[in-house]
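Computed from a predicted structure; not experimentally measured. Side chains included, hydrogens not; waters and symmetry mates left out as well; all remaining heavy atoms used.
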Amino acid sequence: MNAPTLPVRTPDEKLQSIIKIATLAVGGQGGGVLTGWIESVARAQGYAAQATSVAGVAQRTGATIYYIEMAPMGDTMPVFSLAPTSGDVDIMIAAELMEAGRAIMRGFVTPDRTTLIASTHRALAVSEKMVPGDGIANADEVFEAARLASDQLIMFDLDRMAAENGSVISSSLFGALAGSGALPFPRAAFEDAIRASGKGVEASLRAFDAAFRRAQSGADAPEPSAATPRAQTTPKGPEPQLHAWHALEEEARSIAPMAVLGLQKTIEFQDIKYGREYLDRLRRFHDLHPDHSTLLEAASKYIANAMCYDDIIRVADLKTRRARFDRITQDMKSGQSPVYLTEFFHPRGEEIVSLLPAGLGRWIEARPRLNAWIDRRLNRGRRVRTHRLSGFVTLYLLGGLRRIRRKSLRHAIEQAHLDAWQTACLDLAKTDADAATELLACRRLIKGYSDTHVRGLSKFSRVMEAAKLVYGRDDAAQWIARLREAALRDEKGEELNGAIKTIQSFTG
């Protein structure tokens, strides 16, 4: 029995004439303003338009989806949808790189019809920030997916372009949309929509113009793996100090390129003498394996990080630097308006005690009741308003305590911990340089201060202890790396527990 043949239906021309635009943006990126501009320019050009939005979740765990449908006005009003559907979007606008990736995963970008306009800058999601190690998603995969999934791709750093012109990203996104040619409207119509808004018009038009011209040039995204050149700084100071610096710099350069950066970091943290101590520690690895570049790069990086630990002195110093205030003022685009800045602190009693001379600090720590009494009075949140003289001077004086840092209890503790870790790495390097390289990298687990530092130190100790189980094995380096990565991936430590049990199962 033959199945009945269904008649071929002619596509509805009204549906074909509807232009569908979806935008993904988070708070502060002007998604609503952009949507209003698009809706305004469409209606000014004789189109019927409808805009809807589905709110995302706060704190960068989800973007708001703005959706616009438009069609030429006819005898009857077209019927519009309220939300985008997979495979049925003509123009996809993403205000951040990973939002472009999410749009592709949801099927909003298709190679037969979709123009994808996206910014290449990153605004890290909470899921990326909460990973103890490097939780930043792979941008290379998004670049490649965008090239394959879209019919037309316009992708560059629209956020920076907007900032350079004194505006926000909605203006440059609007310019890229106009320059793409995906909408049948003249440039003047887009500019009129900006002028009609009446707010920040000149800056918005500058950003619009820059993005329009870039989009029309057909320039694609930069190579995702291209490294941003490091800013070069010229050391300044008294002539004797500069002479000592140049001598240390030459010595560092003879060890490893990374050693020069480590030297800069340790001297900035403390002084020239501290930089000398850094090179002395590094020289021990160089004497063992002068040609093992990977080992020397790891030693250069992680010994410097260990020597430049985060304490209250360093935090206060960083928060009172001129460059920080200049950056905040620039980011806030305050111009001549005053900026009110509040710093949040929550020091524990033991952190305050750690600033004391080592002998006095140990005396207090040996008396639990006194320690608890101090903690009850100091362990509470504080707000320091550094736009006021009193607040700024308080932090400035704290930052100045680095001159007596070497005598503090915290410094004594950090030096003892550093000596033990370095000795373990040096002993391992005598028989297995590759495994020692991985053991050096375990220093990544320790970062921050207060509770963050305590949690990292706990994981570090567990990894160092478990690593001893694989010493002498041909695959020791691989297992140490697995332990470290397991600890970095999981804040609760469940993956680390599993990795340790696996090692215990074959080491007895």
Side-chain angles (χ1 to χ4, degrees), residues 14-56 62-85 88-96 99-100 103 106 108-109 113-119 152 154 158-159 162 167-209 211-212 215:
K14 293 181 180 179
L15 292 178
Q16 297 296 317
S17 65
I18 297 176
I19 300 173
K20 303 172 182 180
I21 306 172
T23 300
L24 293 179
V26 298
Q29 293 179 326
V33 173
L34 175 62
T35 300
W37 282 342
I38 297 172
E39 191 176 9
S40 176
V41 73
R43 289 176 176 167
Q45 294 298 301
Y47 275 61
Q50 173 182 279
T52 62
S53 64
V54 178
T64 296
I65 301 176
Y66 300 91
Y67 184 58
I68 303 172
E69 287 195 358
M70 62 179 72
M73 288 291 290
D75 296 334
T76 58
M77 284 290 294
V79 177
F80 292 136
S81 300
L82 296 177
T85 57
D88 193 28
V89 175
D90 297 298
I91 304 169
M92 183 71 230
I93 302 174
E96 190 264 350
E99 296 302 343
R106 297 178 68 169
F108 293 154
V109 182
R113 66 184 292 183
T114 307
T115 294
L116 174 59
I117 300 169
S119 178
Q152 179 187 6
I154 296 173
L158 288 150
D159 186 65
S167 186
V168 293
I169 193 172
S170 55
S171 304
S172 52
L173 288 170
F174 197 46
L177 173 61
S180 71
L183 291 178
F185 309 137
R187 170 174 174 163
F190 291 89
E191 294 175 327
D192 289 343
I194 293 176
R195 292 189 183 95
S197 65
K199 295 181 180 179
V201 172
E202 294 304 319
S204 296
L205 288 175
R206 288 195 301 269
F208 173 92
D209 176 67
F212 181 93

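Summarising the geometry, atom CZ belonging to Arg113 is positioned 14.5 Å from atom CD belonging to Gln152; distances are rounded to the nearest 0.5 Å. Rounded to the nearest 0.5 angstrom, Met70 CE and Ile21 CD1 are separated by 4.0 Å. Separating the CD1 atom in Ile19 from the OH atom in Tyr47 is a distance of 5.0 Å, to the nearest 0.5 Å. Note that the OG atom of Ser40 and the CD atom of Gln45 stand 10.0 Å from one another [nearest 0.5 Å]. In this structure, CD1 in Ile91 is found 9.0 Å from CD1 in Ile68, a value given to the nearest 0.5 Å. Distance CD1/Ile93 to OG/Ser119: 12.5 Å, rounded to 0.5 Å.
Residues satisfying the salt bridge (Lys or Arg N to Asp or Glu O under 4.0 Å) criterion with Arg106, sequence neighbours excluded, are absent altogether. Partners of Phe108 by ring pair (Phe, Tyr, Trp, His ring centres under 6.0 Å), not counting sequence neighbours: none found. Every side-chain hydrogen bond (donor to acceptor under 3.5 Å, both in side chains) that Asp209 has, sequence neighbours left out, goes to Arg187, Arg213.
With a 4.5 Å cut-off on side-chain heavy atoms, Ser81 and Glu69 count as touching.
Of the charged side-chain nitrogens involved, none lies within less than 4.0 Å of a carboxylate oxygen, so that Lys20 and Asp90 do not count as a salt-bridged pair. Taking the charged nitrogens against the carboxylate oxygens, Glu39 and Arg43 do have a contact shorter than 4.0 Å, which makes a salt bridge.
Nearest heavy-atom pair across Tyr67 and Asp88 is OH-O, 4.4 Å. Across every non-hydrogen atom of Phe80 and Ala48, the tightest pair is CZ-O, 3.6 Å. The minimum heavy-atom distance between Val89 and Met92, with the atom names listed, is CG1-N, 4.2 Å. Ser180 and Leu177 make their closest contact through OG-O, 2.6 Å (heavy atoms, listed as atom of the first residue, atom of the second, distance). Taking each heavy atom of Ser17 and Pro72 in turn, the nearest pair found is O-CD, 3.9 Å. Contact detail for Ala118 and Ala100: the closest heavy-atom pair is CB-CB, 3.8 Å.
For Glu96 (side chain) and Ala25 (main-chain N/O), no donor-acceptor pair under 3.5 Å exists by modelled atom type. Between the side chain of Thr114 and the backbone N or O of Val109 there is no donor-acceptor pair closer than 3.5 Å.
Each of Asp159, Leu34, Ile154 was scored for a side chain to side chain contact (heavy atoms under 4.5 Å, CB included) with Leu173, with one residue passing: Leu34.
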Between Phe190 and Leu183, is the side chain to side chain contact (heavy atoms under 4.5 Å, CB included) condition met? List the steps. CA-CA 10 Å; Phe190 291 89; Leu183 291 178; 4.1 Å; yes

Between Ser53 and Thr35, does a side chain to side chain contact (heavy atoms under 4.5 Å, CB included) hold up when you go through it step by step? CA-CA 9 Å; Ser53 64; Thr35 300; over 6 Å; no

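Ring planes of Phe174 and Trp37: tilted class, angle from 30 to 60°.
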